[in-house]
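See structure below.
Within every chain, numbering begins at 1; the chains are lettered A, B, ... in the order of the sequence lines, protein sequences first and strands thereafter. Keep in mind that the numbers below use all heavy atoms, side chains included, and drop hydrogens, waters and symmetry copies.
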Amino acid sequence: MLSTILVYLGTGLVFLGSCLVSRFLAVKGIDLVVKIKNSVPAQRVFARLQNIGSADTDEEKIELADRLMKRFVRTSSFSGWYVVAVGALAAALSLVSLDACYFVGVIAIIIIVVWLQSRKNISKKITTHSWLFVQNFHLRLSHRQDLYQALSDMVSGDLTPLGKPLELLLQTHYQSNLPNLLRHMAEVTNLPLFFDLADQIDLATAGRVSLQEAVRQVEERSLREMNLESREDARSTISTLTIFSIIAIMLPVIVGFGAPLVTLLSAGR
Amino acid sequence: MDSNISSNIILWSCAALIALGVSLALRPLIDKLLDLIIVATSKRSRRRSIDSINEEDFDLSYIESTASHLSQILESKTFWGVIGLALAFVLWDKISSPVSIVLVYAIGTAYRIDRSIMRAARLDTQIDSLITSFRSRVVSCENINLALEEIAPVLSEGALKKSTEKVCRLLKSNRAFRQSFYPWLLFEHPMLSRFAFLLSSASGLAPSVLEEILDTFQRNQQSWMQIREETRKGINSVTLLMKSLLSLAIGALAVAAILPSWRAVLLENTLVYVFYLVSLVVMLGYTTIVQVEARRLETA
């Protein structure tokens, strides 16, 4: 009786899940067609961010900006806990059914690989966009020579996902204290780059360094970090591909040539 | 009974987790799909978004026509897929047909990676020369338009030269300054796009400030080029290894397909034959991964 209930409950859950997924797909599909028909590429990138909602008060604007920034730095849509749960379930299943364990095991491996890959890609995207943000800021500063004007200009021209949160934060009480605005961005995103930028601006305000020079230094540090990450990514990808090349190409040779060879040799003996 | 219930609970929790996983996985997949569609349609939409500019200014044929028809055919996935299938039909054999599809596709992948690396390296060099020439001219000309007009004729023949000439023409025709650099964006090259963005935002800047910005930009570009060069060497070593192993695989599997005793062992033992087919599927998956990763490293 209990097992029947569980079976129906499970079926219901899967059905509900597929309904939600279908709805999500349908809505996204319609959005996609509308966006592609009516917009230019940069607008399409921001359309998803702008659809989140409108904000009127300072608190709402800051909250919305925080949500956008957290979304930007979120390393993966896959939750780490989910990956652990699937792995644990695969292990538990091996005690009950070996066949099901193979199936779940394969899915678990695929999920883990996709998860690791997406973490790597997103981390690289964050570094690149952070550098583009500072580079853009440096350029605007060269034009305007004024901190507030440079940041305001960036809102219209910034093609990174940080442009929208910046626009929202500039509409709040943070506009009167720009280093604090950047520190707030640093706290939410956990990107040391913004702390660095805020500190350099403080130093420049105190007259200890020129603002241009301070921002240029942050840009260079950000670039170094990006280059380091690119090098590391290329190195790890190439070593993985090298190992994978040997395994994947030699596998048919081992099975198609090696296995008959061993069989023939043992039969001959 | 108890063990039956517990196994059912585990199986259904597993089904629910999988459903949750699929729904989570769909989101990045849709994002990827959106990005792919954006890339596929971007050239058209960029053209559409700038109504004030003549259609001929955004004619992409000069970028595509730089490769000959033969190279275009050789670089298409479909071509290698069709050759593999045709060979499989000609051979029509349980051992050599599946292997011919996979091996021909893998050889095609190695060839296409080599070609794309070579093309990208050539474009990088041309862009480097464009940036260096521009930097040296802009100091004497003190004007972006004039500097570009001076360097356009000295660039080596190719898509970049034609594109730069188009930029000059658009700048001359008093279009909005930002829009004039769109022909460069059509290359979807990270450094050229950044250079276009930099120049499009640089109108009205004092020459000394522009020079300083260009100096920083060129240093960034040089370090970026160096990383690209290192990455290319790595990818080249992977394709070289891939080609050597593929030659070995062709020889070994040809022996297995021709010699009767080898054929008999492979065909009579179902488990070995299934493993043989699975190993070919793994190899097919591998070629796709290599291709995707090489492209990712190249466009990063």
Heavy-atom side-chain proximity of B:Glu293 to A:Ile238 below 4.5 angstrom
no
Minimal non-hydrogen separation, A:Gly256 against B:Ala256, with atom names:
O-CB, 3.3 Å
Separation between CZ of B:Phe197 and CD of A:Gln135, rounded to the nearest 0.5 Å
7.0 Å
Side chain from CB out, backbone as N, CA, C, O: work out which of these in B:Leu246 comes under 4.5 Å of a heavy atom of chain A, or both, or neither.
both
So which part of B:Thr216 gets closer than 4.5 Å to some heavy atom of chain A, the side chain, the backbone, both or neither?
side chain
Shortest non-hydrogen contact between A:Phe257 and B:Ala252, atoms and distance:
CD1-O, 3.2 Å
Can you tell me how far apart CD1 (B:Ile227) and CZ (A:Arg235) are? Round to the nearest 0.5 Å.
10.0 Å
Less than 4.5 Å apart, side chain to side chain, heavy atoms only: is that true for B:Gln226 and A:Asn227?
no
Side chain, backbone, both or neither: which part of B:Leu253 has a non-hydrogen atom closer than 4.5 Å to chain A?
side chain
Side chain, backbone, both or neither: which part of B:Tyr273 has a non-hydrogen atom closer than 4.5 Å to chain A?
neither
Considering only heavy atoms from C-beta outward, does the side chain of B:Thr231 approach that of A:Arg231 to under 4.5 Å?
no
Is there a side-chain contact between B:Ser223 and A:Leu223 in this structure, where contact means two heavy atoms from C-beta onward sitting under 4.5 Å apart?
yes
Answer yes or no: does atom CZ of A:Phe244 have more than 12 heavy-atom neighbours from other residues, nucleotides or ligands under 6.0 Å?
yes
Walk me through it: do B:Arg228 and A:Ser230 pass the test side-chain hydrogen bond (donor to acceptor under 3.5 Å, both in side chains)?
CA-CA 9 Å; B:Arg228 283 266 279 216; A:Ser230 295; over 6 Å; no
Nearest 0.5 Å, please: how far is CD in B:Glu212 from CD in A:Glu213?
7.5 Å
Taking C-beta and beyond as the side chain, do B:Asn269 and A:Thr263 meet within less than 4.5 Å on heavy atoms?
no
Less than 4.5 Å apart, any side-chain heavy atom of B:Met242 and any of A:Ile249?
yes
Hey, are A:Glu220 and B:Arg219 close enough for a salt bridge, meaning a charged N less than 4.0 Å from a carboxylate O?
yes
Supply the atom-to-atom distance B:Leu241 CG to A:Ile246 CD1, rounded to the nearest 0.5 angstrom.
5.0 Å
Ranking A:Ser245, A:Ala248, A:Gly258, A:Ala259 by heavy-atom pairs under 4.5 Å to chain B gives rank one to A:Ser245
Kindly determine whether B:Ile289 and A:Leu241 satisfy side chain to side chain contact (heavy atoms under 4.5 Å, CB included), including the steps that lead there.
CA-CA 9 Å; B:Ile289 289 172; A:Leu241 286 179; 4.3 Å; yes
Separation between CE (A:Met226) and CH2 (B:Trp224), nearest 0.5 Å, reads 9.5 Å
Of A:Ile254, A:Leu251, A:Val253, which meets side chain to side chain contact (heavy atoms under 4.5 Å, CB included) against B:Ser279?
A:Leu251
Answer with side chain, backbone, both or neither: which region of B:Val272 has an atom nearer than 4.5 Å to a non-hydrogen atom of chain A?
both
Per-residue contact mode, A:Arg224 against chain B (heavy atom under 4.5 angstrom)
neither
Whatever's closer than 4.5 Å to a heavy atom in chain B on A:Ile247 counts as neither
